[in-house]
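One is the number of the first residue; the rest follow in order along the sequence. What you see below is based on every heavy atom in this structure, not just the backbone, and it leaves out hydrogens, waters and symmetry mates.
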Amino acid sequence: MKNILISNDDGINSDGIARLARTAKKYGNVWVVAPDHQCSAMSHRITLREPIEAVEVPFPVEGVRAFATTGTPADCIRIGTLNIVEGKTDVVLSGINDGYNTGGDVQYSATVGAAMEAATNGIHAISVSEDVGKNRIVTDTYLESILDELIEKPLLFNQIWNVNFPTCELSELKGILRDRKVAGNKFYVDTYKEEPLADGRKKYSVIGTYQEECDDGTDFRAVVNKYISIGIVNNLM
């Protein structure tokens, strides 16, 4: 039986991590180690200069042991593989993220960052994301078959599988596109609103302008066109 470690960046109480753990039970023994708080856009950040606390918590999937930590998603992988999983960790699954991790957003994603931490340590890793919204029918219908395909599909050192599910009706889904490249742009073009404060400082609030311009053959284009996107993301090393 495989030992499977699951984390995410939306937190231990997210709907996505429970759905992923429920499906993952088919493949082996499952542990969940995830942040006790929202950690989106933390990328591959780790904690070095303060302790990390962890506590075992109730989890809505029978047979899965779950731990909430004060650390980042990458911290959760480190603690999980070194201190919590009983024996060698064979696979890391990260997600299901609430929001696409395609294009330029991949570099910020802590869901991807958790998978990258696993890959850096030679562990097979898959990052799973879906569009923000309540319609999860495509993910819930195809997740198991995608994991069947990828859970043992070889990767080079420091690579991960990156999967993105569109939010649409099954009748609108056009299929699965593999070998998708990471797009060079992202869904939101960011600017900052500037506001002066009374003491001379200035406050900056990010404003994202949505756009769907992207190249063919990319992860971004796949989900915009209502395809499931599968591709490889390389770590920097």
*Partner set under salt bridge (charged side-chain N to carboxylate O under 4.0 Å, His left out) for Arg65, not counting sequence neighbours*: Glu56, Glu86

*With sequence neighbours excluded, residues passing salt bridge (charged side-chain N to carboxylate O under 4.0 Å, His left out) with Glu212*: none

*Sequence neighbours left out, what passes side chain to side chain contact (heavy atoms under 4.5 Å, CB included) with Ala119? Give chain and number order.*
Asn158, Ile160

*Do the side chains of Val138 and Ile230 join up, straight or via other hydrophobic residues, at under 4.5 Å, putting them in one cluster?*
yes

*Which distance, rounded to the nearest 0.5 Å, do you find between the CG of Asp9 and the OG of Ser40?*
4.0 Å

*Count the heavy atoms belonging to other residues, nucleotides or ligands that lie under 6.0 Å from CD of Glu62, then report whether that count exceeds 12.*
no

*Given the rule that I, L, V, M, F, W and Y join up when any side-chain heavy atoms are under 4.5 Å apart, are Leu155 and Tyr27 in one cluster?*
yes

*Do you know which two heavy atoms are closest between Cys39 and His37, and how far apart they sit?*
SG-NE2, 3.3 Å

*Lys88: partners by side-chain hydrogen bond (donor to acceptor under 3.5 Å, both in side chains), with sequence neighbours left out*: Asp90

*Please answer whether the main-chain N or O of Ile46 pairs with a side-chain N or O of Asp75 as donor and acceptor at a distance below 3.5 Å.*
no

*Where do Ile12 and Ala68 come nearest, in terms of heavy atoms and distance?*
CG2-CB, 4.1 Å

*Are side-chain heavy atoms of Lys26 and Asp148 found at a separation under 4.5 Å?*
yes

*Considering residues at least two apart in sequence or located in another chain, which fulfil the side-chain hydrogen bond (donor to acceptor under 3.5 Å, both in side chains) criterion with Arg22?*
none

*asked:* Test of understanding: with salt bridge (charged side-chain N to carboxylate O under 4.0 Å, His left out), list the residues that count as partners of Lys153, not counting sequence neighbours.
replied: Glu149

*Output yes when a side-chain donor or acceptor of Thr23 lies under 3.5 Å from a complementary backbone atom of Arg19, and no otherwise.*
yes

*CG-CG distance between Leu20 and Leu147, expressed to the nearest 0.5 angstrom*: 6.5 Å

*Side chains of Asn185 and Gln211: closer than 4.5 Å at any heavy-atom pair?*
yes

_Going by the rule side-chain hydrogen bond (donor to acceptor under 3.5 Å, both in side chains), which residues pair with Lys174 if we only count those two or more places apart in sequence or in a different chain?_
none

*May I ask whether Ile232 and Val106 are part of the same hydrophobic cluster, defined by side-chain heavy atoms of I, L, V, M, F, W, Y residues being less than 4.5 angstrom apart, directly or through others?*
no

*Just by modelled atom types, is the Arg45 backbone N or O under 3.5 Å from a matching donor or acceptor in the Thr72 side chain?*
yes

*Verify side-chain contact (heavy atoms from CB on, under 4.5 Å) between Asp36 and Glu53, making sure each step is shown before the conclusion.*
CA-CA 10 Å; Asp36 63 7; Glu53 298 178 7; over 6 Å; no

*Write out all pairs satisfying ring pair (Phe, Tyr, Trp, His ring centres under 6.0 Å) with one or both partners inside residues 187-216, taking only residues at least two apart or from two chains.*
Tyr100-Phe187, Phe187-Tyr210, Phe187-Phe220, Tyr188-Tyr210

*Side-chain heavy-atom pair Asn97, Asp10 within 4.5 angstrom cut-off*: yes

*side-chain contact (heavy atoms from CB on, under 4.5 Å), paired with Trp31, selected from Val85, Ile4, Thr89, Val64*: Val85

*Looking only at heavy atoms, what is the nearest atom pair of Ser14 and Asn8, with distance?*
OG-ND2, 2.9 Å

*Gap between atom CD1 of Ile146 and atom CH2 of Trp161 - 0.5 Å precision*: 10.5 Å

_I need the Ser109 OG to Met116 CE distance, nearest 0.5 Å._
9.5 Å

*Nearest-0.5 Å distance, CD of residue Glu172 to NZ of residue Lys226*: 5.5 Å

*Which pair of heavy atoms, one from Ser7 and one from Pro35, lies closest together, and at what distance?*
OG-CD, 4.2 Å

*Write out all pairs satisfying ring pair (Phe, Tyr, Trp, His ring centres under 6.0 Å) with one or both partners inside residues 47-96, taking only residues at least two apart or from two chains.*
none

_Asp215 and Arg221 ion-paired at < 4.0 Å_ = no

*asked:* So does Val112 get a backbone contact from the side chain of Ser94, meaning a donor-acceptor N/O pair under 3.5 Å?
replied: no

*Which atom pair, heavy atoms only, marks the closest approach of Pro166 to Val223?*
CB-O, 4.1 Å

*Is there a donor-acceptor contact under 3.5 Å linking the side chains of Ser129 and Asn101?*
yes

*Would you call His124 and Val92 a side-chain contact if the rule is heavy atoms closer than 4.5 Å?*
no

*Does Val128 belong to the same Ile/Leu/Val/Met/Phe/Trp/Tyr cluster as Met42, with side-chain heavy atoms less than 4.5 Å apart forming each link?*
no

*Charged N-O contact under 4.0 Å between Arg136 and Asp98*: yes

*Taking salt bridge (charged side-chain N to carboxylate O under 4.0 Å, His left out) as the test, write out the residues that go with Lys181, two or more places apart.*
none

_Tell me if a side-chain donor or acceptor on Asn225 pairs with a main-chain N or O of Tyr227 at a distance below 3.5 Å._
no

*Would you name the heavy atoms of Gly71 and Ile52 that are closest together and state the gap between them?*
N-CG2, 3.6 Å

*Assess whether side-chain contact (heavy atoms from CB on, under 4.5 Å) is satisfied between Phe165 and Leu143, documenting all intermediate values.*
CA-CA 9 Å; Phe165 292 93; Leu143 178 61; 4.2 Å; yes

*asked:* I want to check something: taking the side chain as every heavy atom from C-beta on, are Tyr142 and Leu170 in contact at a cut-off of under 4.5 Å?
replied: yes

*Is there a side-chain contact between Ile17 and Ile6 (heavy atoms, below 4.5 Å)?*
yes

*asked:* Tell me every residue that passes side-chain hydrogen bond (donor to acceptor under 3.5 Å, both in side chains) with Glu152, counting only those two or more places apart in sequence or in another chain.
replied: Lys2

*asked:* Using the rule that Ile, Leu, Val, Met, Phe, Trp and Tyr join whenever any side-chain heavy atoms are under 4.5 Å apart, tell me whether Ile151 and Val30 fall into a single cluster.
replied: yes

*From Asn235 CG over to Gln159 CD, what is the distance, rounded to the nearest 0.5 angstrom?*
10.0 Å

_Taking CG in Asp190 as the centre, count heavy atoms belonging to other residues, nucleotides or ligands within less than 6.0 Å. Is the count above 12?_
yes

*asked:* Do Leu177 and Ile228 make a side-chain contact, defined as non-hydrogen atoms from C-beta onward lying under 4.5 Å apart?
replied: no

_With side-chain hydrogen bond (donor to acceptor under 3.5 Å, both in side chains) as the test, pick out the partner of Glu130 among Asn135, Thr139, Asn164._
Thr139

*With sequence neighbours left out, what residues match Glu195 under side chain to side chain contact (heavy atoms under 4.5 Å, CB included)?*
Lys193, Lys203, Ser205

*Do the side chains of Val33 and Leu5 get nearer than 4.5 Å, heavy atoms only?*
yes

